[in-house]
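Beneath this line is the structure, given in structure tokens, with notes to follow.
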Amino acid sequence: MADTNELYSEALARFGELQDAAAADLREPTTMMLATADADGRPSVRTMLLKRFDEQGFVFFTNSHSRKGRDLEENPHASLCFFWQSLMEQVRVEGSVVPISAEESDSYWETRARDSQLGAWASQQSDPLEDRELLEHDVSKYQAKFLNQPVPRPPHWFGYRVIPERIEFWKSGWHRLHERVLYEKTTESWTKTRLYP
Ligand SMILES: Cc1cc2nc3c(=O)[nH]c(=O)nc-3n(C[C@H](O)[C@H](O)[C@H](O)COP(=O)(O)O)c2cc1C
């Protein structure tokens, strides 16, 4: 169920404006850092692309057998961090993570280039790869397997949605007096708080 709290909508609108502003001079304005942690709480972070955001949350796509996929299986919480140097603005998003529906993953999968689809089948993401040729061999194997037909989505490749509980905006200010505004979900609704830089 979508959260219709006005402050949440305000935070999403501000995030959207930043993405639009960043898109003016960046090739990949949706680049973000995704931090996960394993069952013991050990963190790991990597660069990802955000593919969608709305009141339901922030969506990215990956291989669920990867290291991050295994982390999320054990500990379904994540933190996202966006930084746009041209704007000198940062956004941090934290929340629980759920897989999106198969239909939603399928509809994004269909927009991907065929080569990327074949790559998703061939890559055992995060596993040791003895020889690069093995990967190329696997791509050829799937090319032959799906010859003259659409490439189906691998069952282990899908989207995850981060359902925000905290969204923090950081804007560079004079004399390091940066502006920080935190939107936070309480049991019932969202709050907005200014933070010391
Ligand atoms: C700019 C950039 C964008 C990336 N986008 C994605 C992405 O959307 N999905 C993905 O699975 N990996 C993406 N990667 C690769 C990840 O950083 C990472 O290497 C891979 O997902 C394996 O991470 P893991 O071993 O922690 O699971 C991207 C890398 C870069 C540099």
Side-chain angles (χ1 to χ4, degrees), residues 1-38 41 43-62 64 68-69 71-105 107-108 111 158-197:
M1 177 78 132
D3 191 325
T4 50
N5 188 290
E6 263 178 38
L7 286 174
Y8 183 45
S9 305
E10 179 182 296
L12 292 179
R14 181 165 171 188
F15 179 79
E17 284 164 16
L18 287 170
Q19 286 244 295
D20 291 347
D25 63 354
L26 281 182
R27 196 168 138 219
E28 297 285 11
T30 69
T31 305
M32 62 183 186
M33 297 295 142
L34 162 71
T36 56
D38 65 16
S44 61
V45 65
R46 74 286 291 156
T47 316
M48 297 284 282
L49 296 179
L50 178 75
K51 287 298 172 184
R52 188 171 304 157
F53 78 94
D54 59 23
E55 321 78 54
Q56 291 186 74
F58 291 67
V59 175
F60 62 86
F61 289 84
T62 195
S64 64
K68 74 185 93 51
D71 279 1
L72 290 169
E73 183 74 35
E74 297 173 2
N75 182 356
H77 299 274
S79 181
L80 309 176
C81 186
F82 300 81
F83 171 58
W84 300 284
Q85 190 161 14
S86 54
L87 309 174
M88 282 307 283
E89 298 223 25
Q90 169 184 265
V91 179
R92 296 162 66 182
V93 177
E94 289 164 36
S96 54
V97 182
V98 291
I100 65 175
S101 70
E103 295 73 31
E104 208 181 336
S105 285
S107 71
Y108 173 67
T111 68
F158 51 82
Y160 290 86
R161 177 173 279 117
V162 179
I163 302 169
E165 287 152 16
R166 289 169 69 100
I167 306 178
E168 189 212 299
F169 295 86
W170 180 102
K171 186 178 166 62
S172 176
W174 290 109
H175 306 300
R176 311 237 171 244
L177 296 179
H178 314 300
E179 280 176 29
R180 291 178 68 189
V181 176
L182 172 66
Y183 293 82
E184 194 168 23
K185 192 175 186 182
T186 59
T187 38
E188 288 300 315
S189 60
W190 284 76
T191 59
K192 181 179 177 181
T193 316
R194 199 170 282 282
L195 303 178
Y196 278 99

Side-chain touch [X]/[Y], heavy atoms, less than 4.5 angstrom:
| X | Y | result |
| --- | --- | --- |
| Phe53 | Val162 | no |
| Ile100 | Tyr108 | no |
| Tyr160 | Lys68 | no |
| Thr47 | Met33 | yes |

Is a donor on one side and an acceptor on the other found under 3.5 Å between the side chain of [X] and the backbone of [Y]?
| X | Y | answer |
| --- | --- | --- |
| Ser107 | Glu104 | yes |
| Thr30 | Leu49 | no |
| Thr191 | Glu184 | yes |
| Tyr8 | Trp190 | no |
| Trp84 | Gln19 | no |

Taking all heavy atoms of [X] and all of [Y], pick out the closest pair and write down the distance.
| X | Y | answer |
| --- | --- | --- |
| Ser105 | Gly159 | OG-N, 3.0 Å |
| Gly57 | Pro164 | CA-CD, 3.9 Å |
| Asn5 | Leu7 | OD1-N, 2.9 Å |

Could I get the full list of side chain to side chain contact (heavy atoms under 4.5 Å, CB included) partners for Glu73, not counting sequence neighbours?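 Checked Glu73 against side chain to side chain contact (heavy atoms under 4.5 Å, CB included); zero matches.
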
Among all residues two or more places apart in sequence or in another chain, which pass the side chain to side chain contact (heavy atoms under 4.5 Å, CB included) test with His178?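 Listed in chain order: Trp170, Ser172, Arg176, Pro197.
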
Ring pair (Phe, Tyr, Trp, His ring centres under 6.0 Å) involving Phe169 - partner list, sequence neighbours excluded: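 Applying ring pair (Phe, Tyr, Trp, His ring centres under 6.0 Å) to Phe169 gives Tyr183.
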
Rounded to the nearest 0.5 Å, what separation is found between the [atom1] atom of [X] and the [atom2] atom of [Y]?
| X | Y | atom1 | atom2 | result |
| --- | --- | --- | --- | --- |
| Ser101 | Arg161 | OG | CZ | 7.5 Å |
| Arg180 | Gln90 | CZ | CD | 8.0 Å |
| Leu34 | Ser44 | CG | OG | 8.0 Å |
| Met48 | Thr31 | CE | OG1 | 11.0 Å |
| Arg92 | Ile167 | CZ | CD1 | 13.0 Å |
| Thr62 | Lys51 | OG1 | NZ | 12.0 Å |

Assess, by modelled atom type and distance only, whether the side chains of Thr36 and Arg46 contain a donor and an acceptor separated by less than 3.5 Å.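 Short answer, yes.
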
Salt bridge check: are Glu89 and Lys171 linked by an N-O gap of less than 4.0 Å?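 A salt bridge links Glu89 with Lys171.
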
